[in-house]
Structure formats: structure tokens, C-alpha cells
Asker: 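Here it is, the structure in full.
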Amino acid sequence: MKGFVYRGPGVPAELTDVPTPEAGPGEVLVRIGANTVCGTDLRILRGEKSKGVNLGVVMGHEWAGHVEQVGDGVTGFEKGDLVSMPPSVSCGVCGACRRGHEHLCEDVHLVGYDIDGGLAEYMLIPRTAIARGQLLTASAHLEPAQLALAEPISCCLSGMDNYRVDVGDVVVIVGAGPIGLIHLQLATIAGARAVVVSDPSATRRASAEQLGATVTVDPTSDDLRTIVQGLTDGEGADVAVLCIGRPELVNDSLNLVRKRGRVSIFAGLAGEGWANIAANLIHYRELTVVGASNSSRQAFVRAVRLIESGAIDTKALITHTFALSKASEAIEFVASGEGIKVAVVPD
Ligand SMILES: [Zn+2]
Ligand SMILES: [Zn+2]
């Protein structure tokens, strides 16, 4: 079969022939229906993220497909079931796992890092993932590309569990890429009275408006902070969610929220992620600053159910589709910053 294989940091990944896996005992083989490209894939290819990524791994961690083979001893799946899976396979016994934070597992194995991923024709689900109940079936009425978005949606849900949106909150989303547009929808579902979305791209602002943003702001021509103050009697927003990994925006985000407001550094920054901040903004204003990394199984289940119910508009997020034979072009297209979410489907 064809697989899009990682060749090292800064080296273009290549579509090449790899052995077609077979489902052994305890395993499931999935015929991939779609794999959506993630910003993390770009960071891996650029060499900004290399820890835990194996040379030769098939890339892609946002996938959905249909069960092709069910290995001996596996119950609950039938050929043809539409399935997906949270990409982190945790150990279950480390300190983080024991505390219930398995998405922060010390000994995690990740699809698209050290488990062959979804940018291929088939994907083998390891027995550890099956044993931990990670493979989930979803309603057959979904298109695979919609279900593939369970991964980024679950990451946003997990981040939102940390920053919290209360009914009536004013939420600012900095960056209207796919992740920002998911946070926008989640904030609306959670009962925000206004969601302000900032992005320099006019097309992305248009997407944010289509998906329910109260106000969109072009930060190159308007002052986001002034607009947020105007909406909040000069107090500042309840929550700011940083969805662009740019160091200078960290402090800007701290300046957007009210006293005792909450700021999520949702986006990862390159390298160690150093940013200059005025720490007294946190100190005197008693801000809560939270992070977000990966997603848990329970967040993934919630994401699948939100997609099935239509509560989250996934079709509006998938703006482009490429054949697997054009996987390199798909990656380049995502790097260009055009479109929202790009799906890669086997030819
Ligand atoms: Zn992702
Ligand atoms: Zn663990």
C-alpha cells in the first residue's frame, strides 16, 4: 500500500510503498477513509517538533475509516464499521495516568509519531489501543473526513476543560485557523454571550462570521483590546484563547482579559516557546493562565458525539480535499495558510 512516510526533520516526507498490515490477535485493520492535516504535522516536518517521532513512521493522527479486518479475540467491531481513535495510547500506570491525566502520560505512544498513522491506505490499530477501548465506532451517516476532526475537537475540549466558559462569558479567540474556529463553536455551545475572533486573514474572518462569531477583528488595522474593552464596559473579556503560536501574542492575550480572567495558551510555540510577558499582569490582576496538550479518551468520546449530533459544524471546516497521491501538495497547501482544514483521501 501507499503511505506518507516521515524521513526526518526538515526533510520532505514521501509517499512510498510500505507493507500492507494484517490484523493479528487483538488488533484491528482499518481502511482509511480520510486523514485531515494538522498544524502539528507541519511542525514535525519543519523540524520544530521531533521528540518521539520515529524515522519511517507513516504520518497522520487525525483519521477515520472503516474496519477491514478484526483480529482474533477482538469483540465489538464488524467489518465496515466507521471508526476513529484518540492518537495517544497511554501506559495507564505512570503518575499522570494514575491521576487520571492520561493525555499527559510519561510513556505515551502516539499515532503519527511512533505508531503508523492515517496518511496511508490502511492503518493497523495496535492491541494496546484496542485493549484500552480507544477505537470508537461512529454513526455511519458521517463522512470519514468529518469524523477525522474528532481529534482536533477533542484537543479543544480538553483545553476548554482547563480554561472553562461560563454562561454569559465574553470569549476572545486569537487566531481563526481550524483550532480557533473549533474553540469559537465550543464557546458558543457553552453559552458565551459574545465571541470575538481576531485574525489578519479576511477569508478566515469570514469563516468565523459564518460559524457564529459576534465580532471579527483584523488586528493589522484595528486594536483588538479596544474592541474587547468596548464590549465589556472597559473590564476585559472573561476568557482569551491563544490559537496562534507566536510569542508576542502571549502577553497581548494577558492584556485582553478582565481581573481574575482566564487565558489559555492553547497553541504550542516553536522550540522551547520562550515569550516575554509582564508577569505583574498575572500577579495584580489575579489571572489564571492554563495550557492544553493532547486529549483524553473521554474528550474524544465527547467530540465524536458532538460531531454526530451536528452541534459542531464540521463540513464548514473542511474546505479542501486532496488524493493521497497528492499528499505532499496537501501539506504544502496547508503550509500556505489557505483554506481551513484539508482532508487527504486514498485514491
Ligand atoms: Zn492534530
Ligand atoms: Zn502513563
Side-chain angles (χ1 to χ4, degrees), residues 4 6 13 32 34-46 48-49 51-53 57-65 84-120 123 126 128-129 131-134 144-160 175 177-183 186 243-245 266-269 291-300 303-304 307 312 314 317-320 327 330-331 333-335 339-344:
F4 191 64
Y6 176 67
I32 295 293
N35 185 104
T36 46
V37 180
C38 176
T40 304
D41 298 319
L42 297 182
R43 290 170 64 206
I44 290 171
L45 289 169
R46 288 178 185 142
E48 292 169 8
K49 193 167 187 156
K51 194 170 162 257
V53 190
V57 76
V58 174
M59 297 189 69
H61 59 270
E62 301 178 0
W63 60 269
S84 186
M85 181 184 106
S88 48
V89 182
S90 54
C91 75
V93 296
C94 73
C97 282
R98 281 179 195 274
R99 276 191 292 276
H101 308 306
E102 59 180 60
H103 60 296
L104 302 176
C105 175
E106 306 284 352
D107 189 23
V108 72
H109 296 275
L110 286 160
V111 174
Y113 287 60
D114 62 352
I115 298 169
D116 285 338
L119 283 168
M123 178 181 162
T128 43
R132 290 178 65 72
Q134 291 196 225
Q146 292 180 275
L147 181 59
L149 295 186
E151 198 277 331
I153 292 169
S154 71
C155 290
C156 294
L157 278 169
S158 211
M160 191 188 214
I179 290 293
L181 295 174
I182 292 169
H183 283 291
L186 291 176
C243 303
I244 305 177
F266 188 87
L269 277 59
S293 179
N294 261 326
S295 77
S296 60
R297 288 180 297 170
Q298 61 93 352
F300 199 90
V304 171
I307 295 168
I312 290 205
T314 40
L317 295 173
I318 301 158
T319 52
H320 295 80
I331 298 281
F333 184 79
V334 174
I340 305 294
K341 213 58 183 166
V342 171
V344 176

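Whatever order the structure lists them in is the order used to number ligands and atoms, beginning at 1. One-based numbering along the sequence shown.
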Asker: As a quick check of understanding, evaluate side-chain contact (heavy atoms from CB on, under 4.5 Å) for Thr319 and Lys341, giving each step before the final call.
Answerer: CA-CA 6 Å; Thr319 52; Lys341 213 58 183 166; 5.6 Å; no

Asker: Taking 2.8 Å as the cut-off, does Glu62 contribute an N, O or S atom near the Zn ion (ligand 1), distance below it?
Answerer: yes

Asker: Mind checking whether His320 and Phe333 have parallel, tilted or perpendicular rings, split at 30° and 60°?
Answerer: tilted

Asker: How large, to 10°, is the angle at the Zn ion (ligand 2) when you draw lines to SG on Cys105 and to SG on Cys91?
Answerer: 100°

Asker: Do Gln134 side-chain atoms and Pro86 backbone N/O form a donor-acceptor pair below 3.5 Å?
Answerer: yes

Asker: Please round to the nearest 0.5 Å and tell me the distance separating atom CG of Asn294 and atom CD of Glu102.
Answerer: 10.5 Å

Asker: In degrees, rounded to 10 degrees, what angle do Cys38 atom SG and Glu151 atom OE1 make at the Zn ion (ligand 1)?
Answerer: 170°

